[in-house]
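Please read the structure below before turning to the comments.
These numbers come from the heavy atoms of this one structure, side chains and all, not from hydrogens, waters or symmetry mates. We count ligands from 1, going down the list as the structure has it; atoms in each ligand are counted the same way.
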Amino acid sequence: MSNMVIVGAQWGDEGKGKMVDLLCDRFDVVARYQGGHNAGHTVRIGDRQFVMHLIPTGILHPDKECVIGNGVVIDPEYLLNEISQLEALGISLRGRLFISTRAHLILAYHRAIEVATERALGDKKIGTTFRGIGPCYEDKAARSGVRVCDLFHPEVLRERIFENVKTKNALLTTLYQAEPLDAQAILDQVMALVEKLKPYATDTAAWLAGAMKAGKRILFEGAQAIMLDLDHGTYPFVTSSSAGAGGACTGTGVPPTRIDGVIGVAKAYATRVGGGPFPTEIKTPLGEQIRQRGGEYGASTGRPRRCGWFDVPAARYAGRINGIDALAITKIDVLDTLEEIPICSGYRYRNSDLKEMPCESSVLENVEPVYRVFPGWQSPTLGLTSREALPQKAQDYLLALSELTEMEIAMISTGPERNQTILLHEAKIFGLMV
Ligand code: GDP
Ligand code: IMO
Ligand code: MG
């Protein structure tokens with residue numbers, strides 16, 4: 001038994017892709033459990049950079065098998081594009097990529113509804129990735145979604161698409177004054193892809209059960225992060241899936257009793273892309289400086305990410321909700337030039353300390369972060385591979401993060417490449433895996 005979840009402990013883009021790439025050598029299967037191609041997971045191998053959106057990052061390792069679980073939403077056209085792009089790089093997927101027949105499909109009307117609703121929200125918009133993610137999960141919950149298995153039953157597929165387009169067109173034309181969609185065109189577009197998708201579609205929950213029975217080890221690759229989780233995040237400024245570690249079970253059909261450990265990934269600071277409360281956001285030019293040093297632009301949409309200081313209340317919350325066993329702290333090198341580095345150790349609201357993460361975004365929007373300021377180390381950490389090599393002040397900063405969050409730090413990332421990593425508690429991480 002040695003199955004582990006890698007989960008985002010902040011607002012996304014923490015470096016989960018790098019961590020999955022780094023750790024997947026010790027696993028046999030990498031499984032995505034939620035989200036869709038709103039994710040952008042970057043892996044740097046030498047001078048080559050890969051950004052994975054929908055297919056698990058493990059696919060870059062030829063000996064790994066990969067699963068897109070039932071909790072993921074799949075844009076079929078996008079999936080086939082990602083497959084073709086990987087094949088063009090010489091990466092073969094046949095026989096090692098398995099897509100759940102229970103996963104829901106993102107269709108053209110989901111994207112159209114998302115564009116219309118975001119536009120209608122005006123300055124209250126979520127700032128979504130416009131990938132159709134939210135509307136697809138809406139249909140799933142409304143029990144009107146189209147699933148991968150429907151692709152193989154043309155009559156069911158036809159009926160579902162025609163029914164859905166009728167409802168969506170009513171919404172689009174009356175409520176949003178947008179153009180109606182052509183159901184037949186959408187059906188034709190999807191039907192043209194069926195044969196290409198067929199070889200990958202299977203009952204992945206059954207497949208994973210068989211893999212575990214055969215002694216294979218599974219690494220669950222979370223997308224987005226706990227603060228964007230539909231239930232536990234900064235609602236309504238969230239994504240529409242269970243991005244927390246709990247989602248690994250519902251999103252793959254692997255039971256909770258088979259999950260052995262959770263690694264939370266967090267930057268040494270914080271970022272957020274899109275709208276919503278972000279208590280430690282740096283609104284001075286320093287924010288822009290960190291954005292430039294950290295290359296903080298969305299891997300999916302290219303949007304500038306908002307930058308802020310490390311947020312202990314959010315990290316502690318992430319630790320509790322996800323059951324994080326150990327943290328991986330990334331991008332410490334981005335802070336190398338700073339004279340001082342504040343850490344938000346708590347929130348104050350209306351003159352009192354908040355003990356728990358507030359439920360209302362309107363409260364989180366108005367909390368006052370309490371900062372503890374640490375001296376910067378002002379020397380390069382890029383590429384360091386041992387704790388001893390880190391400047392003392394960087395070690396002190398990391399120790400403070402660990403003490404304040406009450407979580408052990410098992411890994412420190414000092415650069416985008418696989419080998420730019422310090423493994424602090426190998427026994428702790430790998431103890432979860434043997
Ligand atoms: P993910 O969505 O959590 O996989 O993260 P993203 O790939 O969206 O964003 C993380 C970015 O930081 C990518 O460009 C990575 O190549 C890069 N990165 C990861 N770890 C480090 C690090 O330790 N230092 C630096 N400078 N960049 C890193
Ligand atoms: P990875 O896996 C950061 C954000 C969007 C928006 C909100 C809802 O790379 O960490 P959606 O399109 O999902 O309905 O948008 O969620 N968002 C992400 N932010 N990293 C991601 O993925 C994200 N995926 C969605 O910016 O605020
Ligand atoms: Mg990302």
Notebook entry, point to check: With a 4.0 Å cut-off, would you call Glu296 and Arg306 a salt bridge?
Noted result: no
Note to self: I'd like to know whether ligand 2 has Val238 as a neighbour, heavy-atom separation below 4.0 Å.
What the structure shows: yes
Check: Relative to atom 24 (N) of ligand 2, which among Glu114, Gln224, Glu221, His41 owns the nearest non-hydrogen atom?
Finding: Gln224
Next item on the list: Scan side-chain atoms only and decide if Arg102 and Ser100 contain a donor-acceptor pair under the 3.5 Å cut-off.
Entry: no
Check: Closer than 4.0 angstrom: is that true for some heavy atom of Arg131 and an atom of ligand 2?
Finding: no
Next item on the list: List for me each residue that meets salt bridge (charged side-chain N to carboxylate O under 4.0 Å, His left out) alongside Arg44, sequence neighbours excluded, and say none if there are none.
Entry: none
Notebook entry, point to check: What do you reckon, does Val273 have a nitrogen or oxygen under 3.5 Å from a nitrogen or oxygen of ligand 2?
Noted result: yes
Check: Does Thr129 reach ligand 2 with a nitrogen or oxygen that is under 3.5 Å from one of the ligand's nitrogen or oxygen atoms?
Finding: yes
Margin query: Using a 3.5 Å cut-off on N or O atoms only, is Glu14 in polar contact with ligand 2?
Written below: no
Item checked: Atom pair OG1 (Thr280) and CD1 (Ile343), whose distance is rounded to the nearest 0.5 Å -> 11.0 Å
Note to self: For the metal site, I want the angle between atom OD1 of Asp13 and atom O of Gly40 with the Mg ion (ligand 3) at the apex, to 10°.
What the structure shows: 170°
Check: Polar-atom distance check: Thr128 versus ligand 2, any N or O pair below 3.5 Å?
Finding: no
Check: Any side-chain donor-acceptor pair under 3.5 Å between Thr57 and Glu221?
Finding: yes
Give me the pairs of N or O atoms, one from ligand 1 and one from the protein, that sit under 3.5 Å apart.
from: ligand 1; atom 1: 2 (O); to: Asp13; atom 2: OD1; distance (Å): 3.4
from: ligand 1; atom 1: 2 (O); to: Gly40; atom 2: O; distance (Å): 2.8
from: ligand 1; atom 1: 3 (O); to: Glu14; atom 2: N; distance (Å): 3.1
from: ligand 1; atom 1: 3 (O); to: Gly15; atom 2: N; distance (Å): 2.9
from: ligand 1; atom 1: 3 (O); to: Lys16; atom 2: N; distance (Å): 2.8
from: ligand 1; atom 1: 3 (O); to: Lys16; atom 2: NZ; distance (Å): 2.9
from: ligand 1; atom 1: 4 (O); to: Lys16; atom 2: N; distance (Å): 3.3
from: ligand 1; atom 1: 4 (O); to: Gly17; atom 2: N; distance (Å): 2.8
from: ligand 1; atom 1: 5 (O); to: Gly15; atom 2: N; distance (Å): 3.3
from: ligand 1; atom 1: 7 (O); to: Thr42; atom 2: N; distance (Å): 2.8
from: ligand 1; atom 1: 7 (O); to: Thr42; atom 2: OG1; distance (Å): 2.5
from: ligand 1; atom 1: 8 (O); to: Asp13; atom 2: OD1; distance (Å): 3.0
from: ligand 1; atom 1: 8 (O); to: Gly40; atom 2: O; distance (Å): 2.9
from: ligand 1; atom 1: 8 (O); to: Arg305; atom 2: NH2; distance (Å): 3.1
from: ligand 1; atom 1: 12 (O); to: Lys331; atom 2: NZ; distance (Å): 2.9
from: ligand 1; atom 1: 20 (N); to: Ser413; atom 2: OG; distance (Å): 3.4
from: ligand 1; atom 1: 23 (O); to: Lys331; atom 2: N; distance (Å): 3.0
from: ligand 1; atom 1: 23 (O); to: Ser413; atom 2: O; distance (Å): 3.1
from: ligand 1; atom 1: 23 (O); to: Ser413; atom 2: OG; distance (Å): 2.5
from: ligand 1; atom 1: 23 (O); to: Gly415; atom 2: N; distance (Å): 3.0
from: ligand 1; atom 1: 23 (O); to: Gly415; atom 2: O; distance (Å): 3.3
from: ligand 1; atom 1: 24 (N); to: Asp333; atom 2: OD1; distance (Å): 2.8
from: ligand 1; atom 1: 24 (N); to: Gly415; atom 2: N; distance (Å): 3.4
from: ligand 1; atom 1: 26 (N); to: Asp333; atom 2: OD2; distance (Å): 2.7

Margin query: Using a 4.0 Å cut-off to any heavy atom of Arg303, which atoms of ligand 2 qualify?
Written below: 5 (C), 26 (O)
